Amino acid sequence: MNDKYIKLGINIDHLAFIKKSRNTDYPDLLEAVDIAEKAGADQITIHLREDRRHIQDIDVKKIRSKAKILNLEIALTEEMVSIALENQPNSCCLVPEKREEVTTEGGLDLQGMTTSKINFLKKTINKFKENNIKTSIFIDPDIQQIEKAIECNAKIIELHTGTYANSINPADELMKLNEVACFASNKGLCVNAGHGLNIKNVRSICDIQAIEELNIGHAIIARSVFIGLKDAIKEMISIIRE
Ligand code: PXP
């Protein structure tokens with residue numbers, strides 16, 4: 001069992017999906033922020049995608065002014081970096097984006113990045129630091145990716161747990177996540193994790209001592225249909241802090 005407090009970020013993109021699907025003014029994302037914070041969420045996480053398929057630019061502004069702690073997920077592009085600087089979230093998680101994907105399908109491939117993209121990444125981390133925005137890099141559990149993240153001066157990583165979550169034999173993936181999280185933490189990085197986590201598979205992730213924060217969306221929003229958002233968040237928190 002982990003005796004350290006693991007923080008929970010609630011990703012509300014899927015509520016924005018419902019809103020966008022009919023262009024309605026409900027569900028109210030600000031009400032969701034309020035409920036999430038009162039239920040004990042440590043931060044609100046939103047992803048402004050380049051295709052604006054769920055969260056909109058105006059949502060970022062409104063949520064920024066409401067949320068106590070905002071984590072903004074963005075692709076590593078000039079446009080998104082400038083939107084982040086304008087809105088001043090507490091942290092920014094840099095994620096890969098493909099137009100045709102259903103959701104973020106993997107981590108940023110730092111190893112495969114061109115030199116100019118790596119330079120842009122380094123510049124972005126510095127720029128965010130000057131603006132008191134923490135940068136986290138969403139990467140697959142891979143030692144080489146961690147080494148490259150350190151080379152880019154990253155201080156925080158978020159490990160992609162999607163492969164673990166979707167695996168029919170998750171033990172191997174769990175071992176890999178544990179190994180890589182330990183490696184990163186020993187190198188001085190703050191290690192977060194997320195993607196595909198739910199009330200069944202989150203327990204084993206919480207046993208990884210190095211993990212400091214989880215960002216969870218889809219499963220909590222899905223569960224809230226039956227038990228309400230407040231209780232869905234409380235349920236997840238009680239499992240994480242068990
Ligand atoms: N962390 C990151 C970086 C993500 O891109 C996502 C999905 O938007 C999540 C966490 C949350 O994933 P899920 O919705 O599967 O819980």
Side-chain angles (χ1 to χ4, degrees), residues 6-18 20 29 32 36 41-56 59-60 63 69-77 80 84 89-99 101-110 121 133-142 145 149 154 156-167 170 173 177 181 184 189-206 211-225 229 232-233 235-237 239-240:
I6 298 180
K7 290 192 198 134
L8 176 64
I10 302 293
N11 182 313
I12 59 168
D13 292 349
H14 288 88
L15 286 175
F17 246 135
I18 298 175
K20 178 75 177 112
L29 302 182
D42 296 288
Q43 71 180 9
I44 303 300
T45 295
I46 51 173
H47 183 176
L48 181 70
R49 291 187 64 101
E50 292 183 276
D51 61 12
R52 308 303 199 268
R53 71 169 71 156
H54 39 59
I55 295 288
Q56 306 298 302
D59 298 327
V60 179
I63 293 169
I69 301 183
L70 176 65
N71 175 39
L72 179 65
E73 296 174 0
I74 51 166
L76 183 58
T77 65
M80 287 298 152
N90 301 78
S91 57
C92 253
C93 181
L94 301 174
V95 300
E97 245 181 64
K98 289 190 223 115
R99 295 255 158 183
E101 71 190 353
V102 176
T103 179
T104 319
E105 283 168 358
L108 266 183
D109 179 14
L110 302 181
L121 171 61
I133 302 170
K134 293 183 206 158
T135 309
S136 140
I137 302 186
F138 192 47
I139 43 178
D140 289 329
D142 178 318
Q145 297 288 352
I156 310 171
I157 52 156
E158 180 169 330
L159 292 177
H160 184 268
T161 50
T163 310
Y164 156 75
N166 294 327
S167 173
E173 292 303 324
L177 280 162
L189 292 178
C190 165
V191 183
N192 303 335
H195 210 279
L197 298 177
N198 58 47
I199 51 174
K200 289 187 186 143
N201 64 18
V202 78
R203 281 191 175 87
S204 307
I205 292 292
C206 294
I211 290 180
E212 302 195 20
E213 171 191 296
L214 298 175
N215 284 294
I216 308 181
H218 187 268
I220 290 177
I221 302 302
R223 183 95 174 116
S224 75
V225 173
L229 184 58
I233 293 170
E235 178 182 57
M236 185 61 80
I237 290 174
I239 295 169
I240 292 173

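Ligands are counted one by one from 1 in listed order, and the atoms in each one are counted from 1 as well. As the structure is a computational prediction, the values presented were derived from the model and not from experiment.
Using a cutoff of 4.0 Å between basic side-chain nitrogens and carboxylate oxygens, Lys7 and Glu212 are not scored as salt-bridged.
Between Val95 and Ile74 the shortest side-chain heavy-atom distance does not fall below 4.5 Å. Here the side chains of Ile139 and His160 are not in contact, with every heavy-atom distance at 4.5 Å or above. Between Asp140 and Leu159, the closest side-chain pair of non-hydrogen atoms is not below 4.5 Å. Between Gln43 and Glu213, the closest side-chain pair of non-hydrogen atoms falls below 4.5 Å.
Residue contact check: Val95 has heavy atoms under 4.0 Å from atoms 3 (C) of ligand 1. Within ligand 1, counting atoms from 1 as listed, the ones closer than 4.0 Å to a heavy atom of Ile216 are 16 (O). Those atoms of ligand 1 with a heavy atom of Asn11 less than 4.0 angstrom away are 8 (O). Residue contact check: Asn215 has heavy atoms under 4.0 Å from atoms 10 (C), 11 (C) of ligand 1.
Note: an N/O pair closer than 3.5 Å links Glu73 and ligand 1 by distance alone. Checked against a 3.5 angstrom limit, the closest N/O atoms of His218 and ligand 1 fall inside it. Between Gly217 and ligand 1, a contact under 3.5 Å exists for at least one N or O pair. Remark: ligand 1 and Gly196 share an N or O pair separated by less than 3.5 Å (distance only, no angle test).
For atom 7 (C) of ligand 1, the choice among His54, Arg49, His195 with the nearest heavy atom turns out to be His195.
Side-chain contact annotation: His47 with Glu97, donor-acceptor N/O pair under 3.5 Å present.
At a heavy-atom cutoff of 4.0 Å, ligand 1 is contacted by the side chain of Glu158 but not by its backbone.
In this structure, Ala219 has no heavy atom closer than 4.0 Å to ligand 1.
Relative ring orientation between His14 and His54 is described as tilted, the plane-to-plane angle lying within the 30° to 60° band.
Under the side-chain hydrogen bond (donor to acceptor under 3.5 Å, both in side chains) rule, Asn215 has a single partner from Thr161, Asn192, Thr45, which is Thr45.
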